[in-house]
Amino acid sequence: MFKSPGGLEELDHESLRVWNDMIMKNIERQSASRFFKSNPDDIANGQEIASVRWSGAPAEPRFCLNRDWAQKLSDWNIRGRHETHNEYCEYRVVTAVDAQGRVRPKRVEFTSELREYWVVLAMKNPQGLQNAVENIIGRKPTWRELYDHDDPSLLNEDELRVRFSIMVAGNGNHRDLIDANVPSQPQGPLNRDNILFLTHPINGLDDLIYVVMFGATPYKVNDSSGERKALLQEIFRAFGVEHLACRNADPAAAAGPFDVVSEGREVAFAKNLGMYLRPLNKEIFEYNGNSIPDAWIKYSRGNEGMYQRLVIGPSDADNAYLDDIYLKKGAAKERIIGGYQIAEILEVGPLVVVGDPSIVNPSDVKFVPPSPSAINCSQAGVCSRMKQLKDDYLSSNIVISGGSRGGI
Amino acid sequence: MDNRIQEGTNWDIGAKPKSHLKLLILETTENTSSKDLRLGLKSIWQVLQSLKSGVVPSLGSDYPVDPKELEVLIGYGHKFFEREDLIVPTPEGMLLTNRFPQPNNIESKQVIPGSGIIYDEDIQENVADAELVIQLTANSQLSVNRGHVEILKLLNAMDEENPLETGRIKIKEAFDGFGREDHRSWIDFHDGISNLRKGEERKQVVAIKPDNSGGQDWTHNGTYMVFMRLPVNLKVWSEVPYNEQEILVGRTKKSGCPIIRIAPDGTPVPDPRCPVSGTREITEEGNEQFREPSAVVSDEIKLSHVQRANHHRSPVFKPDSRRIYRQGFEFVESVGNTGDYRVGLNFISFQDDPDRVLFILTQPDWLGNLSFGGDPNNQYNGIDKLVTARAAATYFVPPDNTEVLFPGENMFPR
């Protein structure tokens, strides 16, 4: 039923079956309204839409601190990635040494690829996994880098999964992997020194399915003005998951299905269930007073409209660096010094299929208590962690390079 | 401190947009100190408060006039925050990234990089990029014009008192506008009808909150105003065939019903449920659900203006929803001595983060690189210049409270 994310052709028939099982297991784990369909083919006149999406920039450091600190912390190497990149968009800055011997940012690599897809590849098709990694990092990884073992053919599927998770994927917050002592983030260098796919435990397939299904109910409230469509914060509050409304991904992933089922439309994940990077406006990038070369914005890991990887910046062969590129935003012309500036203008989201509108019966509606006030995200529990991260950053005595700003 | 959102934002239940607008752009001379500016603003504010209660300074309270629900709002532009002696840090939303640049600083004269709206050819300076803005709204043209003239009289009197330092504060530009009770724009389509609900929903978009104040508590319940003076080229519009107009807008011209797809013969297909039986337009009761078009439309209609400008995201309190609370005041003005006339819209929006607007104007799936809408690679002749700009700016609109003589006074040195 479900195909590979991005329309990639790395999964064989058996791997696709496992991928489908994984999706279905997550769908079956929770209840949903009659408007949610597990199979997109069950929706008459189904139409694929890309309107469920959100900003890829980490929201937590921004609402807990401010934009300046959000940029610093999100760009803070692997620590920033692991602690803040939880909007289904992770990035890594590639550095290089220039002619003067200075270490400078060369390009930024973004990914929105789901961890679970790669785990299926690791379990079912080690050779395909090795090829996929080679296509990304430009060299064939060793089996030891992938599995901490010299011969994956000697390992069963469970062992492949656990070992790959330890080395490359992290535990994705899966109970059995946590019990098997798989760390939250990968220990091996392949997906730390490079960026292959999402590893933040919150950026998971299970969370995505949970939130979309959670939203796919016509919630309403009864207040002094009568019956009305519920506000997102009222729904999140009613289910005690208020904190989820503070991030970019969760409210957007719930709001999209919620809005369409409130029109009596059926909704399902598109067959290419995945997380996709939306287009950028090339006009706002400038190099040497001109637009940047097309080759410096390179989408991959998917067919058009379903890209899961984006690399911005010069190749190794180019005698230019990321911080030679300016981002024109308002009257500012900022050198690009990391990924946060780009993540702010990069949207991500899944594709969903929706049907025609229909009558929403009273029995379809779930009422939640009226509570329209905004959620004060700056008081969220995560903010103490963000403040600690800021303190750690300050005590690490990092020197910021190349962060000049100009005006136009 | 009990911070309140300034009046003139019309967010609250019961608030009604006024019929007339006067937007005064104020500038100061280079040697106007912050202390002098504070004193000047204090006097201006006193005059305006007096007018609000119907008292014209030279007539006194014995001969009151009808203020026609005059409302006054003051905002501070990027130039104000270039002052070095302010006693507060620059608000989080007044970064250079949220400033509209001067037209001559961008080769293609875009109103902002990444936008398809460009300045009119005769515009050399973006006059809205100034220190201060005063928004006067009321239900009569006289009332807003009286406010304008009384400020002029005050500034002249101040100059006469200090002849050696004349013109320290002056009105650089005054933009007029008026509301339309037919809820349409100059292109005859409905406009501004998918706005947010009054009360809590609007407040959540408008008011600066702890989440986006960057730790600057004093800005809470302040807001940011984005203003653009946008002429509309009616000659270009009149040459677009009727059906194509509806496809470009994403609504039917007469009823205002949302278009959901295009039929094989090229005819736009509106939502069949709209308007509800017994009504003719979506502004009539019973059609509320159609004022905000569904996000589920065909790919061609996704390119329409209404779909690009509003992706219907929630929760609205999050800047990532890109929802804004927009007020529109139309204008008609003569073009020099040419006998020609210019029509257009004073776009005024209030939001807790100006980036909500700038993102909409610059992102490719939104209005980025477009003047109005449609397919950027297949624009009708001239549609790429349907909407142009004459001025644009972002202003910080500080909260009002009982401890200040005028909103924003707490930013000035004493």
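By convention in this document, chain letters (A, B, ...) are assigned in the order of the sequence lines, proteins followed by strands, and residues within each chain are numbered from 1.
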Nearest heavy-atom neighbours spanning A/Pro279 and B/Gln363: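 Between these two residues, the closest heavy atoms are O-OE1, 4.3 Å.
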
Polar side-chain atom of [X] near backbone of [Y] as donor-acceptor pair, under 3.5 Å:
X	Y	value
B/Asp320	A/Trp54	no
A/Lys329	B/Asn98	no
A/Arg62	B/Gly214	no
A/Asn281	B/Pro364	no

Under 3.5 Å side-chain donor-acceptor pair for B/Gln110 and A/Glu283: no

Less than 4.5 Å to any heavy atom of chain B: does that hold for the side chain of [X], its backbone, both, or neither?
X	answer
A/Ile345	both
A/Leu280	backbone
A/Arg53	both
A/Cys383	neither
A/Asp259	side chain
A/Glu347	side chain
A/Arg228	side chain

Any carboxylate oxygen within less than 4.0 angstrom of a Lys/Arg side-chain nitrogen, looking at A/Arg67 and B/Asp355?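 Not counted as a salt bridge, because no side-chain N and carboxylate O are separated by less than 4.0 Å.
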
